[in-house]
Protein chains: 2
Amino acid sequence: MHLQDRWKLIIDELNHDRVTSVDELTERLGVSPATIRRDLNELHELGHLLRVRGGAMRIEGKHFSGKPAADDRRTQGLQGQSSFLDSSIVNAAAKHAIARTALDYLKPGASMIIDGGTTTFTMASLMANESYHVLTTSIPILQRLLDRSKVRVTLPGGELFREQRIILNPYEDGMLQNFSAARIFIGCQALTKNGLMQSDTLLVQSERRLIERADQVIVLADSSKIDAPASLSVCPLSMIDVVITDDGISQAAKGWLEAAGITVRIASVEAEDIKATEASKR
Amino acid sequence: MHLQDRWKLIIDELNHDRVTSVDELTERLGVSPATIRRDLNELHELGHLLRVRGGAMRIEGKHFSGKPAADDRRTQGLQGQSSFLDSSIVNAAAKHAIARTALDYLKPGASMIIDGGTTTFTMASLMANESYHVLTTSIPILQRLLDRSKVRVTLPGGELFREQRIILNPYEDGMLQNFSAARIFIGCQALTKNGLMQSDTLLVQSERRLIERADQVIVLADSSKIDAPASLSVCPLSMIDVVITDDGISQAAKGWLEAAGITVRIASVEAEDIKATEASKR
DNA sequence: TATGATTCAATCATAATCGATCACGGACGC
DNA sequence: GCGTCCGTGATCGATTATGATTGAATCATA
């Protein structure tokens with residue numbers, strides 16, 4: 001019984017029952033309450049469930065009972081709403097590693113833009129409570145940052161788009177005009193030779209604007225996104241500075257990314273371990 | 001049997017029965033009356049039911065047939081927001097009645113501004129899913145309106161102020177400039193002859209701007225707010241069009257409000273229902 | 001208005017749960 | 001073989017929920 005197996009079973013359990021308890025999971029998974037608590041806390045941190053006293057509760061909007069594939073694909077586009085059913089646990093691990101690696105590019109005092117998306121959402125979840133200044137259009141990320149007391153959060157004005165869970169002003173820039181960020185962290189539907197791709201028109205609009213306000217563009221994309229199908233181009237490769245991905249990327253893909261002048265950063269599980277080690281030394 | 005389970009069962013019970021008693025819940029859930037009372041009080045404070053002597057009553061217009069999801073989301077949305085809802089339980093019934101009465105002033109298609117605050121938050125909770133257009137600076141209200149698919153929600157851009165849970169741009173109007181609302185629904189710290197009062201400088205700033213963008217100003221203030229102490233004036237009485245309060249308001253206060261040209265609307269606290277409830281139990 | 005019954009909030013004692021910490025044991029590389 | 005590292009389980013003090021008790025408040029009835 002490994003960590004990933006347990007996590008999957010816990011999520012399954014919550015997809016079935018609205019709430020579950022530490023005791024129940026202890027019995028069902030055959031591990032100690034301490035381990036269950038650790039798992040629940042971590043899953044809570046990553047936004048996959050809601051920790052409550054005595055157990056955990058499902059996050060509404062993450063429950064797709066019975067209807068497997070079709071729904072899951074649909075939810076992939078939803079900001080911060082991906083359930084474990086969308087992508088394999090392995091993929092989640094990759095996203096986690098990528099998000100952690102992205103943290104290297106933060107430094108206290110810096111301004112940054114964080115776009116909506118599952119990986120950037122994970123990144124926001126892992127962010128330390130430091131004196132960052134974050135601009136985001138994503139409601140889930142806003143919620144995540146609510147309890148980081150040192151993080152300044154700015155929202156551009158606009159209208160709420162429920163499906164994407166973003167705030168967007170189609171007509172003017174509003175707050176954006178005054179905001180200038182050192183970096184933008186951005187997810188995507190796909191990354192191809194044509195550039196950064198999305199499949200949602202609204203996202204394209206939103207992201208094009210955001211990219212303009214940042215000096216450096218950092219793309220968070222797990223390797224399944226590379227050369228994946230998507231219809232709309234947000235920006236060409238030439239505008240991208242860094243791509244953070246996992247070790248599933250092909251040499252060929254790495255090649256044409258670097259040929260476009262992009263720094264390709266590979267977040268492996270080992271790299272994550274190293275980071276954890278370094279962190280614990282301090 | 002944990003808190004979340006009990007709460008769900010209590011809400012289910014009310015969805016089925018409209019009223020329920022402490023005794024009945026005690027027996028059905030197998031916990032002590034003390035726990036039931038605590039639960040009912042908390043649920044009342046969170047706006048999920050109406051506490052009455054001996055038990056609890058369903059909030060009219062808040063019946064979520066069969067599907068637990070709707071209720072769960074509400075319960076969930078309130079996690080970690082108890083600091084936001086720190087009003088006394090005594091006034092909760094009044095606030096609820098006031099919020100309900102305020103709904104009379106809505107009509108589909110209308111634009112409105114909803115200010116932050118406990119009473120306006122309750123109002124947003126009770127709002128039907130109609131084609132309203134709402135501008136708000138309040139994060140909790142935004143969260144509440146997330147699942148009202150027909151309601152257009154607009155946010156002014158700006159920075160997050162955690163303590164007040166609002167988005168505010170101290171320097172410019174942003175989206176506000178383009179927004180024009182038929183009405184603004186606004187809460188307050190106090191309502192005196194000097195006008196609408198707050199005690200938080202940020203709120204004053206924010207509210208002054210909002211009031212300017214609305215044709216009609218509707219104040220939601222339970223009677224304890226009348227002539228209560230507060231230091232900062234948001235606007236004079238002359239700018240207020242309607243005050244919705246409960247029947248605890250004194251004749252004198254009603255007098256000087258009406259003398260200022262204000263329509264005073266008194267929301268009945270459903271006293272009849274409560275009496276009928278108790279009678280039917282015996 | 002007076003009285004008894006019921007309900008209530010406040011208080012305290014107990015039990016459950018939690019997070020932090022340490023110890024054990026297997027996996028892995030040297 | 002040997003040590004290091006990570007995940008797990010166990011322990012302990014602290015926190016939090018629950019249940020019982022009590023006196024006050026509220027209500028129904030006379």
Side-chain angles (χ1 to χ4, degrees), chain A residues 1-10 19-46 49-57 89 93 96-97 100 147 268-282, chain B residues 1-10 19-46 49-57 75 79-80 82-83 87-93 269 271-282:
Chain A
M1 176 76 64
H2 279 348
L3 184 128
Q4 293 173 355
D5 301 315
R6 288 201 312 271
W7 283 19
K8 172 148 180 46
L9 287 173
I10 290 171
V19 294
T20 188
S21 68
V22 172
D23 287 341
E24 185 177 348
L25 290 170
T26 299
E27 189 179 357
R28 194 162 301 206
L29 305 190
V31 293
S32 76
T35 301
I36 295 293
R37 282 184 229 282
R38 269 188 282 257
D39 287 340
L40 293 184
N41 289 345
E42 287 172 46
L43 287 168
H44 173 87
E45 267 307 300
L46 292 174
L49 50 75
L50 210 61
R51 185 76 161 94
V52 296
R53 190 178 175 82
M57 187 163 63
I89 286 285
H96 190 268
R100 264 187 98 136
D147 58 359
S268 61
V269 178
E270 293 150 30
E272 199 178 343
D273 289 345
I274 292 168
K275 282 184 57 59
T277 307
E278 288 176 354
S280 69
K281 276 182 196 161
R282 297 188 192 115
Chain B
M1 176 76 66
H2 285 110
L3 185 124
Q4 310 297 332
D5 299 304
R6 290 200 311 270
W7 283 17
K8 170 164 170 33
L9 288 174
I10 290 171
V19 295
T20 188
S21 68
V22 172
D23 287 341
E24 185 176 350
L25 290 171
T26 299
E27 188 178 358
R28 195 164 298 207
L29 305 190
V31 294
S32 76
T35 301
I36 294 293
R37 291 204 175 89
R38 271 188 278 254
D39 286 340
L40 293 184
N41 289 344
E42 287 171 46
L43 286 168
H44 179 182
E45 202 156 351
L46 294 176
L49 50 76
L50 213 57
R51 183 78 161 92
V52 297
R53 190 177 173 81
M57 190 168 68
T75 305
Q79 290 289 339
S82 42
S83 61
S87 56
S88 76
I89 194 167
V90 182
N91 285 331
V269 191
E272 309 253 334
D273 282 344
I274 294 173
K275 289 216 165 113
T277 302
E278 300 224 330
S280 72
K281 275 191 311 205
R282 308 228 164 78

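Remember, it's a predicted structure, so these values are computed and weren't measured experimentally. Naming convention: chains lettered A, B, ... in sequence-line order (proteins, then strands); numbering from 1 in each chain.
- C:dC8 atom P lies 13 Å from atom NE2 of B:His44, rounded to whole Å.
- One atom, CG of A:Leu40, and another, C1' of D:dT8, lie 15 Å apart when rounded to the nearest Å.
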A:Leu25 and A:Leu40: side-chain contact (heavy atoms from CB on, under 4.5 Å), yes or no, with the steps? CA-CA 10 Å; A:Leu25 290 170; A:Leu40 293 184; 4.0 Å; yes
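- The side-chain heavy atoms of B:Trp7 and A:Val19, taken from C-beta on, include no pair separated by under 4.5 Å.
- We find that CG of A:Leu29 is positioned 17 Å from P of D:dG7, with the value rounded to whole Å.
- Heavy-atom minimum distance, A:Thr26 versus A:Pro33: OG1-CA, 3.7 Å.
- Annotation: side chain of B:Glu45 is not in contact with side chain of B:Arg51 (no heavy-atom distance under 4.5 Å).
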Where along nucleotides 14-21 of chain D does protein come under 4.0 Å, by heavy atom, of base (B) or sugar-phosphate alone (S), with - for untouched nucleotides? --BSBB--
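- Expressed to the nearest 0.5 Å, how far CD of A:Glu27 lies from CD1 of A:Ile36 amounts to 11.0 Å.
- A donor-acceptor contact shorter than 3.5 Å links the side chain of A:Asp5 to the backbone of A:His2.
- Both distances falling under 3.5 Å, in either a Watson-Crick or a G-U wobble arrangement, place D:dT26 opposite C:dA5.
- Annotation: of the two residues near DNA chain C, B:Arg37 and A:Asp23, the 5′-most nearest-nucleotide partner is B:Arg37.
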